[in-house]
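Beneath this line is the structure, given in structure tokens, with notes to follow.
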Amino acid sequence: MSEESTRLVLLLIGPGTLAIFSLAYLWAWSLERKRHYLLLFSAACLAFSLGVLVQIFAWPSNLGHNALLSNTFYTLSVLALSDGVLRRSAKSFGLFKALFLLLLSSCLIAYYFYVDRNLVMRVYIQNFGFGLILLISALRLSALAKARFIDRALFWTLLVFSLQFFPRTILFFDVSGTTNFEMFGQSLFWRTLQLSQAVLGSALALVILAAVITDVIEDLRRERDVDRLSGVFNRRGFDEHAERVMNTRAVSVAMVLCDLDHFKSINDRFGHSAGDEVLCLFGAILRRTARKSDIVGRVGGEEFAILLVDAERSDAKDFVTRLQRAIADTQFPLGAAREPVSASFGIAVSAKNEDLSSLFKRADSALYQAKNTGRNKAVFSD
Ligand SMILES: Nc1nc2c(ncn2[C@@H]2O[C@H](COP(=O)(O)OP(=O)(O)OP(=O)(O)O)[C@@H](O)[C@H]2O)c(=O)[nH]1
């Protein structure tokens with residue numbers, strides 16, 4: 001292979017890798033169409049890849065047109081990337097802001113080509129501009145620095161990627177001393193740019209892909225573990241989370257089982273959908289009343305379980321009292337007479353080394369007792 005072909009192949013590695021990432025995001029979007037930001041990542045990779053190709057193959061050959069076209073692709077890529085990462089976190093870059101920046105960069109590049117031809121200014125405008133856009137986006141996502149591992153990885157990779165535009169431009173562009181467009185492709189600046197984009201750009205694309213895959217897996221896990229009607233864990237989710245707490249934390253826990261009274265009669269008199277509405281409201285009450293660390297689940301038709309973490313008998317009693325008050329204060333959609341809704345409770349506080357199944361059984365017997373001795377009351381397991 002001639003030296004020229006080897007050089008070309010090496011130059012094509014970066015845009016080729018990004019084109020593959022573009023296809024990967026597109027494929028991911030075809031599986032998860034509600035995640036529109038995947039299209040933005042795909043567009044960002046494709047636009048960057050096209051920008052590099054336009055420069056490598058000098059198409060169009062007119063230098064001014066080439067500078068403008070490659071700048072458009074690069075700017076679109078940076079804007080799509082910024083908007084994509086922001087949208088993943090339910091924020092957005094803003095269409096008008098993006099269009100304004102695209103227009104501004106095109107005008108500046110055109111000015112420093114056609115009016116005051118200055119390669120140095122064009123390189124600084126592009127690199128500092130891109131660095132700044134990405135830096136601002138990264139800083140808007142600073143909350144991710146305290147989130148899950150993959151979010152932290154995304155935040156820091158984006159931050160490093162945005163910051164590298166500044167020292168790389170200053171160091172290598174000044175060192176290479178290139179002010180001539182014809183020599184630009186041979187310059188140290190252009191080569192370090194290609195290398196850093198290939199390495200850091202691929203790292204960023206890879207971290208984003210990993211974050212997207214993690215999002216999808218978490219969503220699937222949530223769907224598997226959460227009861228859609230009441231918004232609390234289903235039996236599977238409850239067991240898994242409760243088991244984890246009991247196996248990893250050496251604190252006293254209390255199991256509260258809670259069963260709505262005469263629920264069959266609610267369904268019979270007001271209809272199944274009114275019954276559903278009661279379950280939905282009841283789930284909301286439980287989520288409001290429990291602490292973040294507690295585990296709440298719907299473990300049967302109208303039966304709920306709450307594992308109070310780091311709780312003694314008095315904490316469980318206080319919790320149930322607050323719950324009873326919240327139930328009494330809630331207006332359930334049960335006809336004009338506003339039929340009251342009540343629940344019975346069985347409570348068990350963990351003994352030393354007691355496992356989940358034994359704790360659950362004791363709370364269940366206490367609940368059975370509450371039901372059999374008049375309902376609308378709480379009974380403790382001894
Ligand atoms: N609307 C609705 N009803 C449900 C759902 N799951 C179970 N049920 C109903 O809940 C009722 C439970 O009835 P029972 O087990 O007799 O309990 P109950 O009427 O509350 O009686 P006590 O618990 O003894 O006070 C049944 O009629 C089930 O059909 C659901 O998701 N939605």
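Reckoned from all heavy atoms, side chains included, excluding hydrogens, waters and symmetry mates. Both counts, for ligands and for their atoms, begin at 1 and track the order of listing.
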Could you tell me which atoms of ligand 1, counted from 1 in the order shown, lie closer than 4.0 angstrom to a heavy atom of D259?
23 (O)
H262, K264, K371: member with heavy atom nearest to atom 23 (O) of ligand 1
K371
Counting heavy atoms only, which of R375, R298, E302 comes nearest to atom 31 (O) of ligand 1?
R298
Could you tell me which atoms of ligand 1, counted from 1 in the order shown, lie closer than 4.0 angstrom to a heavy atom of D261?
20 (O), 25 (O)
Taking side chain to side chain contact (heavy atoms under 4.5 Å, CB included) as the criterion, tell me which of V253, V251, D315 meets it with D310.
V251
Exactly one of R122, Q126, Q55 clears side chain to side chain contact (heavy atoms under 4.5 Å, CB included) with N71, and that residue is Q126
If we set the cut-off at 4.0 Å for heavy atoms, which region of V278 has an atom near ligand 1: side chain, backbone, both, or neither?
neither
For atom 6 (N) of ligand 1, what is the nearest protein heavy atom, given as residue, atom name and distance?
G301 CA, 3.4 Å
Taking the basic N atoms (NZ, or NE/NH1/NH2) and the acidic carboxylate oxygens, is any pair closer than 4.0 Å for R88 and D151?
yes
From the list D227, L286, V299, side chain to side chain contact (heavy atoms under 4.5 Å, CB included) with F304 holds only for L286
Can you tell me the protein heavy atom closest to atom 10 (O) of ligand 1 and the distance?
F263 CD2, 3.2 Å
Can you list the atoms of ligand 1 that are under 4.0 Å from a heavy atom of G275?
1 (N)
F263 atom CZ: more than 12 heavy-atom contacts under 6.0 Å:
yes
For atom 29 (O) of ligand 1, which candidate among N267, N372, D276 provides the closest heavy atom?
N267
I'd like to know if K34 and D219 make a salt bridge, using a cut-off of under 4.0 Å between side-chain N and carboxylate O.
yes
N/O donor-acceptor pair under 3.5 Å between S344 side chain and N376 backbone
yes
If you count heavy atoms of other groups shown closer than 6.0 angstrom to CZ of F100, is the number above 12?
no
For ligand 1, is there an N or O atom under 3.5 Å from any N or O atom of L229?
no
N or O pair under 3.5 Å between L279 and ligand 1:
no
